[in-house]
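The structure under discussion appears below in the form of structure tokens.
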Amino acid sequence: MDVTYLLDSLNSAQREAVSAAPGNLLILAGAGSGKTRVLTHRIAWLNAVENISPFGVLAVTFTNKAASEMRGRLEHMLDRPLGPMWVGTFHGLSHRMLRAHWQEAKLPQAFQILDADDQLRLVKRLVRGLNLDESVYPPRQVVWFINARKDEGVRSAHLDTPRDDVQVQYQRIYTAYEAACERAGVVDFAELLLRSLELLRDNAPVRNHYQRRFSHLLVDEFQDTNEIQYAWLRTLAGPQCSVFAVGDDDQSIYGWRGARVENMHNFREDFANVEVVRLEQNYRSTGTILQAANALIDHNSGRLGKNLWTDAGDGEPISFYTAFDERDEARFVVERVQHWVEQGGRRDECAVLYRSNAQSRVLEEAMIAASVPYRVYGGMRFFERAEIKDAIAYLRLVCNRDDDVSFERVVNQPTRGIGDRSVAQLREVARERGVSLWQAVPLVSGRAGVALNKFVSLVEQLSASCGDQPLADQIESVVDASGLLAHYQKDQSEKGLARVENLEELVGAARVFSPDSDAIEALSPLEMFLAQAALDAGDAQGESWEDCAQLMTLHSAKGLEFPLVFMVGMEEGLFPHQRTLEDPSQLEEERRIAYVGITRARQKLYMCQAENRRLHGRELFTVCSRFVGELPTELVDEIRPQVQLSRPVYQHPERATPSFLQEQTPYTIGQRVHHNTFGEGVVTDCEGQGKNLRMQVNFESEGQKWLVLAYANLSPLS
DNA sequence: TCTTCAGTGATTTTT
DNA sequence: TCACTGAAGA
């Protein structure tokens with residue numbers, strides 16, 4: 001059979017990966033080296049040459065977007081629908097497995113999924129229920145603790161013996177949380193993975209079934225796998241299985257949420273005869289950009305090693321702009337975007353990348369002032385909106401009366417006279433009897449009981465009226481009859497109108513909803529819709545495909561590319577972030593974030609620093625990010641701010657430090673200093689002379705202080 | 001039940 | 001600085 005068409009468009013390293021004989025492979029795929037191609041071509045190759053059906057292959061990624069892209073490309077390449085093929089996210093595939101084996105996994109058949117917000121609410125309620133102080137046990141931290149334990153595969157019963165009281169309480173909350181989920185028949189995201197791992201591990205027939213079925217496992221973004229995901233893969237991979245793992249250790253930027261780059265290192269020991277293929281030819285960026293990226297990441301230790309190259313030309317140098325302050329920085333960015341557009345470029349070819357979301361504001365203001373349309377990535381997604389979650393909660397109650405999280409969410413939404421007191425009373429009764437809130441309703445007497453009973457009959461009525469209607473009609477009638485629609489219609493503000501629109505959109509989404517192919521026929525369409533909604537929260541912005549400048553964090557830029565990229569806020573303390581400065585491994589992750597940022601650019605990269613930045617209400621004098629210094633100087637073109645009359649008089653450190661200061665002391669403005677009491681800081685200003693010479697120092701912990709040099713006992717830091 | 005005020009704390013985010 | 005939260009007041 002002629003399969004050259006599968007290899008023709010590939011370079012030699014890509015071919016080597018795609019056409020390798022079955023066996024374990026680790027593909028080190030640099031940024032822009034065509035890894036999605038390699039993954040899809042590999043599957044097509046296995047199909048054409050090794051005669052492996054796509055249904056004997058499992059391909060796993062992290063995001064729904066990546067999964068559907070891979071599926072789409074495969075269907076196109078193999079020219080047939082691949083409905084039942086196992087392509088999806090770790091969570092999606094685990095979910096599918098649990099649906100198919102709910103009994104073996106000891107789950108109720110119609111279990112539903114708790115999203116992050118539901119989880120937080122539940123934990124908050126439990127902390128209060130256990131009479132613990134929320135300031136000592138912040139629910140967010142408790143959630144983080146629980147998820148981290150689950151990601152390590154540790155259940156509350158397996159926790160180490162607690163060493164102090166705080167640990168005792170965390171353990172209590174975790175135990176109560178597990179019980180609450182169990183009672184309500186819900187699982188959180190981490191639970192999907194843990195539960196399916198346990199299923200595979202403890203149930204030999206199930207394990208054998210999947211091990212026999214999947215002769216090939218393909219993993220995308222392998223550097224982002226956490227402990228449990230790696231364990232899941234190892235368990236799923238039978239003795240005859242070939243694992244094709246694609247990743248880039250230099251783009252591992254999710255260590256803070258449990259991703260373990262070590263998995264890439266361990267892969268070679270944990271799997272037999274691993275062959276390593278490096279994809280280093282980059283098809284995205286100019287030579288200059290790649291040289292800069294290579295030089296930067298070379299400052300990290302313990303890398304698997306990889307050097308990107310291109311046969312495209314060097315292109316333009318990287319431009320570095322030192323702005324006076326963050327507004328000047330934003331102004332500069334906007335001006336460059338406008339220039340790009342004047343030269344015939346599109347706005348959506350421009351991306352402004354920042355380390356933290358708070359930085360977007362000034363940029364947005366500048367965009368608005370200059371009437372440049374823009375779009376900010378991230379933010380509230382469709383199924384996370386309050387009104388949508390309300391509607392979903394009603395629908396969940398219709399499916400499962402014992403879903404306490406949903407019960408609490410809507411029992412008084414819209415308000416129907418069931419206040420905190422009534423709910424507290426109900427909770428108490430439910431806790432005493434060990435039953436769900438719903439089951440506890442008949443046990444509550446008095447006025448609260450009457451109101452609660454009305455709520456109960458409302459839900460019963462919603463449930464009855466759903467009947468055999470089509471899914472969208474069911475949702476429409478629940479949204480209406482629950483009173484939610486009327487409630488939001490009362491709000492005539494723009495926000496209220498948007499909410500009503502969203503509710504209508506929810507019905508629209510249901511109308512076009514087609515359940516995930518592989519018939520989990522035992523579930524009703526509504527139940528499938530609800531599960532899908534939790535797993536795929538939808539896009540942040542559906543509308544407006546106007547040509548917009550793109551604003552996003554460096555993290556969310558991963559996987560994307562733009563002709564023109566700005567990296568703003570290149571300042572110590574902001575990027576690398578303050579909290580990472582102490583820990584070398586966290587600092588290396590920051591450097592990888594910078595690496596990801598640089599490699600997003602195709603043609604032209606700008607970096608900016610604002611010498612004065614307002615942060616948390618304080619005016620800070622900043623120091624340029626070390627990452628800028630790590631770039632080869634010959635690749636960087638410095639742009640100085642032009643003097644403008646409208647700008648406050650500004651003294652640049654080198655140029656404007658008063659000569660007497662330079663002569664008499666080792667200090668300059670911008671110099672880092674150490675003070676015995678206040679710690680470390682940066683010199684931001686000075687006045688006076690001789691014995692009266694005073695310096696203003698911005699201390700990291702104490703903020704701005706004026707110190708008389710003669711008495712202050714400062715020492716300079718390099 | 002809705003509004004107002006003081007306190008707080010402030011990376012990165014997908015599922 | 002600012003946005004969000006929880007508790008207190010109308």
Side-chain angles (χ1 to χ4, degrees), chain A residues 60-67 88-96 113-120 124 128 133-135 138-141 143-144 147 150-151 187-194 196 221 224-226 228-229 252-259 326 353-362 377-381 383-384 412-421 487 490-491 531-540 552-559 569 573-581 583 586-587 589-590 592-594 596-597 613-620 703:
Chain A
V60 63
T61 65
F62 277 86
T63 64
N64 292 302
K65 197 175 151 213
T89 63
F90 280 99
H91 294 88
L93 297 179
S94 297
H95 174 239
R96 183 164 166 187
I113 299 164
L114 224 51
D115 72 11
D117 180 64
D118 299 329
Q119 193 184 22
L120 181 62
K124 201 177 272 186
R128 287 181 190 168
D133 185 347
E134 280 176 71
S135 56
R140 279 177 194 285
Q141 216 151 308
V143 165
W144 185 85
N147 289 338
K150 288 194 179 191
D151 286 344
V187 298
D188 60 43
F189 290 130
E191 184 74 26
L192 286 169
L193 283 162
L194 179 53
S196 86
E221 305 279 17
D224 288 339
T225 50
N226 64 26
I228 203 159
Q229 288 158 342
S252 161
I253 59 173
Y254 287 108
W256 52 274
R257 66 178 195 212
E326 71 275 4
L353 311 182
Y354 36 81
R355 176 66 235 267
S356 63
N357 284 309
Q359 288 170 258
S360 78
R361 200 153 117 193
V362 189
Y377 273 69
M380 193 60 71
R381 323 250 296 277
F383 283 101
E384 288 167 355
N412 200 30
Q413 172 71 1
T415 47
R416 46 175 74 88
I418 303 176
D420 288 346
R421 288 201 93 111
H487 170 73
K490 267 192 291 189
D491 183 356
Q532 199 62 38
L535 279 175
D536 186 358
D539 267 330
M552 67 190 83
T553 63
L554 286 150
H555 280 89
S556 40
K558 186 163 154 234
L574 187 60
F575 186 34
H577 195 273
Q578 196 73 45
R579 295 195 180 178
T580 64
L581 297 177
D583 178 353
Q586 285 192 60
L587 202 67
E589 180 152 312
E590 293 288 299
R592 292 192 291 266
I593 298 169
V596 166
R613 182 176 295 273
R614 199 177 199 112
L615 201 63
H616 307 324
R618 305 204 80 103
E619 187 84 17
L620 296 178

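To find a chain, count down the sequence lines: A is the first, B the second, and so on, and within it residues start at 1. Remember, predicted model here, so these are calculated numbers, not experimental data. Computed from heavy atoms alone, side chains included, the values below leave out hydrogens, waters and symmetry copies.
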Just jot down the salt bridge (charged side-chain N to carboxylate O under 4.0 Å, His left out) partners of A:Asp118, sequence neighbours excluded, or say none.
A:Lys389, A:Arg396
Start with the C-alpha distance between A:Asp224 and A:Lys558, add both sets of side-chain angles, then the distance that settles salt bridge (charged side-chain N to carboxylate O under 4.0 Å, His left out), and finish with yes or no.
CA-CA 12 Å; A:Asp224 288 339; A:Lys558 186 163 154 234; 2.6 Å; yes
Is A:Gly573 touching bases, backbone alone, or none of the nucleic acid, heavy atoms closer than 4.0 Å?
nothing
Summarise protein proximity over nucleotides 3-10 of chain C in one line of letters, 5' to 3': B for base, S for sugar-phosphate only, - for none, counting protein heavy atoms closer than 4.0 Å.
S--S----
How are the rings of A:Tyr254 and A:His555 set relative to one another: parallel (under 30°), tilted (30 to 60°) or perpendicular (over 60°)?
tilted
No-hydrogen, no-angle side-chain donor-acceptor test under 3.5 Å, A:Gln119 and A:Asn147:
yes
A:Asp420, CG: over 12 other non-hydrogen atoms inside 6.0 angstrom:
no
Residues A:Lys150 and A:Asp188 bridged, charged N to O under 4.0 Å
yes
Can you give one letter per nucleotide of nucleotides 8-15 of chain B, going 5' to 3': B for a protein heavy atom under 4.0 Å from the base, S for sugar-phosphate only, - for none?
--BBBBBB
Euclidean distance for C1', B:dT12 against C:dT5 (whole angstrom)
23 Å
After noting the C-alpha distance and the side-chain angles of A:Phe90 and A:Ile228, does the key distance pass the side chain to side chain contact (heavy atoms under 4.5 Å, CB included) rule?
CA-CA 10 Å; A:Phe90 280 99; A:Ile228 203 159; over 6 Å; no
Check ion pair A:Glu619-A:Arg614 (N to O, under 4.0 angstrom)
yes
